[in-house]
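Read the structure below first, then the notes.
All chains are named by letter (A, B, ...) in the order of the sequence lines, taking the proteins before the strands, and each is independently numbered beginning at 1.
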2 protein chains.
Amino acid sequence: MKTAEHLHACGVKPSYTRMRIYEYLHNHHDHPTVEHIYGALKDSLPTLSKTTVYNTLKLFLEKHLVRELIMQNQAHYDIVTDFHAHFQCNNCHTIYDIPMQREHVVNGNVEAHHIEDVQLTYRGICRSCQQTTQVE
Amino acid sequence: MKTAEHLHACGVKPSYTRMRIYEYLHNHHDHPTVEHIYGALKDSLPTLSKTTVYNTLKLFLEKHLVRELIMQNQAHYDIVTDFHAHFQCNNCHTIYDIPMQREHVVNGNVEAHHIEDVQLTYRGICRSCQQTTQVE
DNA sequence: ATCACCTCTGTAATGATTACAATTTTATAA
DNA sequence: TTATAAAATTGTAATCATTACAGAGGTGAT
């Protein structure tokens with residue numbers, strides 16, 4: 001589906017800026033931060049303001065177009081796809097997607113409450129860093 | 001076990017300040033923040049500095065005496081007990097402990113990496129707020 | 001007593017995020 | 001088209017949790 005149509009279908013007016021931000025997220029699944037997105041787009045959108053990136057992501061979040069993932073005091077964003085967990089390496093800070101079914105982590109113990117979001121994150125040393133780096 | 005002995009056993013020299021902070025955590029399992037701990041102790045420890053609370057919690061964290069739980073850009077602390085998940089209400093911001101076995105959320109998909117910490121958090125509207133509050 | 005080391009303190013800096021008011025753009029109506 | 005209202009975008013300033021840092025205070029060993 002075209003970006004404009006998809007935004008429209010989710011209740012977001014598809015301005016040029018919003019489409020560019022959405023498309024950046026669509027093409028980059030490495031959990032970018034506001035800084036990443038702003039840095040990547042500011043050359044081709046010279047008037048872009050960081051506040052606009054914040055505002056747009058907040059809007060996308062409300063409309064459930066993106067998912068927010070807060071790791072070490074910084075928000076990372078990902079377009080909404082299947083539920084999955086995340087592993088972040090304490091050494092290289094890469095965030096890996098980890099397959100996980102939502103049903104698997106939502107059980108009777110929590111269903112007394114109304115769940116709007118589930119976040120499962122692991123931290124540690126990733127496979128790659130274990131093999132190539134000495135971490136003391 | 002006495003606080004002093006326990007800190008010592010974990011490699012932390014049991015100064016008076018450290019014991020008081022540890023005991024506060026031991027007696028308050030409502031996931032306090034630095035602000036909470038500082039606010040609660042400053043009357044009986046008039047020279048206490050907020051930096052000391054930060055430093056002490058960082059030390060406790062390294063020695064695995066406490067667990068850090070970052071929710072909406074603020075760190076919350078809990079003395080280490082059994083593994084469990086957390087639910088935070090978007091309305092009243094209370095954090096509930098949710099029973100959950102660690103083995104249940106650590107499976108083959110993530111074990112390629114070396115895991116140091118696992119965090120499973122739910123957000124939504126808690127049972128109490130659903131019954132007593134209209135949330136639009 | 002001296003010295004080194006650890007603990008604690010207070011202020012200043014950092015850095016992500018939000019508030020806000022102004023400006024620009026877009027949509028709507030006359 | 002022009003006027004006007006509404007929405008989107010912008011830049012600056014404020015906020016707030018956390019960290020850096022340098023100095024003060026305490027403790028223990030020799």
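- Shown for residues 32-60 of chain A: residues whose heavy atoms fall under 4.0 angstrom of DNA chain C, namely A:T51, A:Y54.
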Please test B:C92 against B:C126 for side-chain contact (heavy atoms from CB on, under 4.5 Å), starting from the C-alpha separation and ending with a verdict. CA-CA 8 Å; B:C92 68; B:C126 76; 3.9 Å; yes
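- Here D:dA8 presents its P atom at 10 Å from NZ of A:K63, a figure rounded to the nearest Å.
- Computed from C1' positions of five pairs at each end, the angle between the two local axes of the helix from C:dA1-D:dT30 to C:dA30-D:dT1 equals 10°, rounded to 10 degrees.
- Taking atom CE of residue B:M71 and atom P of nucleotide D:dA17, one finds them 17 Å apart after rounding to whole Å.
- Using modelled atom types, one side-chain atom of A:Q88 and one backbone atom of A:H93 make a donor-acceptor pair closer than 3.5 Å.
- Ring orientation note: the planes of B:F87 and A:H113 are close to parallel, at an angle under 30° on the 30°/60° scale.
- Residue pairs that meet the salt bridge (charged side-chain N to carboxylate O under 4.0 Å, His left out) test with at least one member in residues 116-131 of chain B, sequence neighbours left out, are B:R67-B:D117.
- Between B:N73 atom CG and D:dT19 atom C1' there is a gap of 16 Å when expressed in whole angstrom units.
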Donor-acceptor list for residues 105-112 of chain A side chains, cut-off 3.5 Å, not counting sequence neighbours:
from	atom 1	to	atom 2	distance (Å)
A:N107	OD1	A:N109	N	2.9
A:N109	ND2	B:P99	O	3.2

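- Checked by atom type, the side-chain pair A:H29/A:D97 shows no donor-acceptor distance below 3.5 Å.
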Once each nucleotide of nucleotides 25-30 of chain D is scored for protein heavy atoms under 4.0 Å, what B/S/- sequence comes out, 5' to 3'? ------
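- Ring-centre distance between B:H86 and B:H84: below the 6.0 Å cut-off.
- Applying the 4.5 Å side-chain rule to ILVMFWY residues, one finds B:L69, B:I95 in the same cluster as B:M71.
- In 5' to 3' order, the nucleotides of DNA chain C bounding all contacts with chain A (an atom under 4.0 Å from a heavy atom) are C:dA16 to C:dA27.
- Residue pairs satisfying the salt bridge (charged side-chain N to carboxylate O under 4.0 Å, His left out) criterion with at least one member in residues 74-86 of chain B, sequence neighbours excluded, are absent.
- Side chains of B:E23 and B:T3: a donor on one and an acceptor on the other come within 3.5 Å.
- With sequence neighbours excluded, no residue forms a salt bridge (Lys or Arg N to Asp or Glu O under 4.0 Å) with A:D30.
- Put simply, CD on B:Q72 is 14 Å from P on D:dC16, counting in whole angstrom units.
- A donor-acceptor pair under 3.5 Å is formed between the side chain of B:T56 and the backbone N or O of B:T52.
- For DNA chain D, the neighbouring residues in residues 15-27 of chain A, judged by any heavy atom under 4.0 Å, are A:S15, A:T17, A:R18.
- Under the salt bridge (Lys or Arg N to Asp or Glu O under 4.0 Å) criterion, B:E35 pairs with B:K50, sequence neighbours left out.
- Sorted by first and then second residue, the salt bridge (charged side-chain N to carboxylate O under 4.0 Å, His left out) pairs with a member in residues 11-22 of chain B form an empty list; sequence neighbours excluded.
- In this structure, the ring of B:H36 has its center no less than 6.0 angstrom from the ring center of B:H28.
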